[in-house]
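Take a look at the structure below.
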Amino acid sequence: MTDTTANNKEITPKANFIHQLVEKDLAEGKNNGRVLTRFPPEPNGYLHIGHAKSICLNFGIAQKFGGLTNLRFDDTNPEKEEDEYVKSIMEDVRWLGFDWGDRLYYASDFFQNLYDFAVQLIREGKAYVDDQDAETISEQKGSPTRPGVESPFRSRSIEENLLLFEGMKNGDFDEGSKVLRAKIDMASPNMHMRDPILYRIMKTPHHRTGDKWVIYPLYDFAHGQCDYWEGITHSVCTLEFEVHRPLYDWFIDQLKDSDYRPRQIEFARLNLTYTVMSKRKLLELVRDKYVSGWDDPRMPTISGLRRRGYTPASIRNFADRVGVTKVEGTSDVTLLEHSVREDLNKTALRVMGVINPLKVVITNYPEGQTEEMDAINNPEDPEAGIRTVPFTREIYIEQDDFMENPPNKFFRLSPGREVRLRYAYFVTCTDVVKDDQGNIVEVHCTYDPASRGGNSPDGRKVKSTIHWVSVPHAIEAEVRLYDRLFTVEDPAGDKERDFKEYLNPDSLVVMPRCFVEPSVKDASPLSHYQFERLGYFNVDPDSNPEKMVFNRTVLLKDAWSKEKSKGA
RNA sequence: UGUCCUGUGGUGUAAUUGGUAACACGUCUGACUCUGGAUCAGAAGAGUUCAGGUUCGAGCCCUGACAGGACAACCA
């Protein structure tokens with residue numbers, strides 16, 4: 001994996017309420033000063049920016065308090081989980097800059113332990129096999145405001161339960177015909193305590209255990225115990241699991257043989273404007289081809305952001321900036337965008353590229369002559385050095401940088417106006433060439449030979465500097481202009497309408513004929529550039545020597561476009 | 001008519017645990033500039049959901065409202 005980001009310096013995460021709780025535990029001498037967190041994804045999809053927040057949080061806590069972090073795959077549902085996802089998740093966590101060392105776990109590593117624990121619960125009269133179907137069980141569960149009723153199978157004998165559960169394990173029963181349930185309290189105000197299902201029969205091969213098991217534990221029966229067996233001290237998860245905590249505590253109460261127990265702490269998941277974050281919706285976008293894949297640069301997935309040109313540091317900084325609380329809110333994408341700009345501004349090489357080419361002929365410049373102009377690679381980083389850019393009589397400039405009838409505050413090229421060609425010469429527009437339809441096809445200028453390098457010895461000023469690419473030296477490239485995937489801040493917020501109705505039709509605009517200066521010729525995939533005055537771009541993996549492809553990561557802040565929209 | 005959680009500038013967070021609301025993003029000025037970028041300087045913007053109470057003093061504590069969210073998969 002290639003990443004050219006130099007800015008990988010450690011950031012000290014901003015203290016948040018979880019840090020404070022950990023600090024307090026440490027001060028009280030809990031867990032003998034040990035801190036072990038974990039990142040527990042289900043391998044049923046690609047990781048997104050919300051997971052990045054969790055990853056940074058969990059690894060960040062461990063780093064801050066001298067602890068470690070486990071990577072654990074919660075793979076208790078073989079119908080949804082795939083190895084492809086396991087691979088992508090590991091790749092993404094590493095790319096973000098975190099390392100779980102040899103602490104790689106799977107919930108499926110604990111299938112036997114879980115089974116044994118279930119048998120223990122049966123022996124203690126705390127679990128039973130229920131023969132009812134899903135619908136019946138669901139009805140009997142009641143509702144948040146109505147207590148449930150007990151299953152007629154609730155009082156089976158321990159012996160019978162043991163026998164039946166073993167039968168379930170041995171594949172003697174059909175899928176859906178039996179489940180194992182905990183015997184807790186059908187009248188509990190907490191729905192999760194109403195005899196939750198522990199095991200279901202599923203004759204689906206598992207990505208790791210194959211067909212060894214035909215019964216699988218449910219997440220609720222697996223997660224807390226895995227934490228326990230791994231020795232997790234602080235089990236950080238999102239808010240929706242808050243109501244599950246009493247159940248997890250109940251399981252650990254049945255299991256523990258010391259004072260140790262993992263402490264679960266919940267925080268608010270990340271929401272971002274102009275995108276969706278649920279795996280189900282992201283999967284839908286991928287499956288129904290609204291995007292090119294999980295790593296489509298418009299996706300909020302980590303792989304999508306990577307392909308878009310985001311850097312690990314920018315995502316880590318973003319995660320730190322949004323903070324960690326229990327308040328459910330929505331963060332502004334502009335904060336994410338600010339984080340990449342901030343990082344790329346310091347690290348990306350500057351280069352000139354023209355996206356909407358307009359040909360300019362410098363009529364008093366010698367035909368056939370080429371000059372090599374010195375250009376600074378990164379004004380923010382002197383170490384990046386300089387390069388030369390070829391200059392000739394015919395160049396491309398940006399269509400937006402020329403207006404025949406400019407409004408008041410337009411500083412760029414227009415008839416009679418002089419501007420600077422960056423690192424080259426002052427030029428003055430003398431003529432506009434149009435086709436039969438009246439479209440501008442070419443602009444003629446004259447240059448001031450004394451202004452070589454970009455300054456005139458007489459000290460006269462120009463209002464603007466524009467970028468350019470020499471026609472004979474230009475590398476033709478495809479540039480993919482990405483914008484927000486959705487047109488509204490909260491596409492999933494409207495219950496009446498499908499979120500896909502808010503898809504932004506202009507989220508991808510492909511510019512097939514752009515021109516870039518020759519220095520980028522051998523750029524490797526994913527390397528970052530700033531196209532001066534336009535934005536940050538990176539080389540797409542689709543790029544090849546015959547046809548380079550760039551993705552626009554994010555625009556530069558643009559005072560002119562703001563000025564324009566004011567007038568509108 | 002339940003249980004649990006949460007309410008601080010536009011957004012995201014902070015407030016040394018009771019001491020007179022801070023930071024970042026965004027917005028708006030201005031300076032500087034061979035990127036209308038970056039940088040620098042400055043400004044506006046909340047009196048902390050509301051109402052009571054305790055206190056010399058409350059965003060922090062208490063009471064009660066109100067608002068938002070989570071919970072009724074053999075999903076995680």
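All values reported here derive from a predicted model rather than from experimental measurement. Just so we're on the same page: letters track the sequence lines, and every chain starts at 1.
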Interatomic distance, A/Arg341 atom CZ to A/Leu336 atom CG [nearest 0.5 angstrom]: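 It comes to 10.5 Å.
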Distance (rounded to the nearest 0.5 Å) between A/Asp320 CG and A/Ile315 CD1: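 Between A/Asp320 CG and A/Ile315 CD1, I get 14.0 Å after rounding to 0.5 Å.
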Hey, does [X] reach any base, or is it just sugar-phosphate, or nothing, if we go heavy atoms under 4.0 Å?
X	answer
A/Pro379	base
A/Ser464	nothing
A/Gln140	nothing
A/Asn455	base
A/Thr76	sugar-phosphate
A/Gly329	sugar-phosphate
A/Asn190	nothing
A/Leu218	sugar-phosphate
A/Glu328	sugar-phosphate
A/Arg321	sugar-phosphate
A/Ser138	sugar-phosphate
A/Ser339	nothing

Which nucleotide in B/U35, B/C74, B/G26 has an atom nearest any side-chain atom of A/Ala134: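 Output: B/C74.
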Side chain of A/Asp332 (C-beta onward), nearest among B/G2, B/A15, B/U11: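 Side chain of A/Asp332 sits closest to B/U11.
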Side-chain donor/acceptor contact of [X] with base of [N] under 3.5 Å:
X	N	answer
A/Arg341	B/G37	no
A/Arg350	B/U35	yes
A/Glu380	B/G37	yes

Contacts of A/Arg280 that satisfy salt bridge (Lys or Arg N to Asp or Glu O under 4.0 Å) - sequence neighbours left out: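 Applying salt bridge (Lys or Arg N to Asp or Glu O under 4.0 Å) to A/Arg280 gives A/Glu284.
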What is the base-pairing partner of [N], counting Watson-Crick and G-U wobble geometry with both distances under 3.5 Å?
N	answer
B/A73	none
B/U39	B/A31
B/G59	none
B/A22	B/U13
B/G64	B/C50

Any donor-acceptor pair under 3.5 Å from A/Ser278 side chain to A/Lys281 backbone: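 A pair under 3.5 Å: yes.
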Main-chain N/O of A/Ser177 paired with A/Asp174 side-chain donor or acceptor, under 3.5 Å: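 Pair absent, no side-chain N/O of A/Asp174 close to backbone of A/Ser177.
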Interatomic distance where [atom1] belongs to [X] and [atom2] belongs to [N] [whole Å]:
X	N	atom1	atom2	result
A/Phe17	B/A15	CZ	C1'	17 Å
A/Phe531	B/G37	CZ	C1'	16 Å
A/Phe411	B/G36	CZ	C1'	7 Å

Cationic N near anionic O, under 4.0 Å, A/Glu398 to A/Arg412: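 So A/Glu398 does not pair with A/Arg412 through a salt bridge.
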Span that lies between the P atom of B/G37 and that of B/C50, in whole angstrom: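 To the nearest whole Å, 40 Å.
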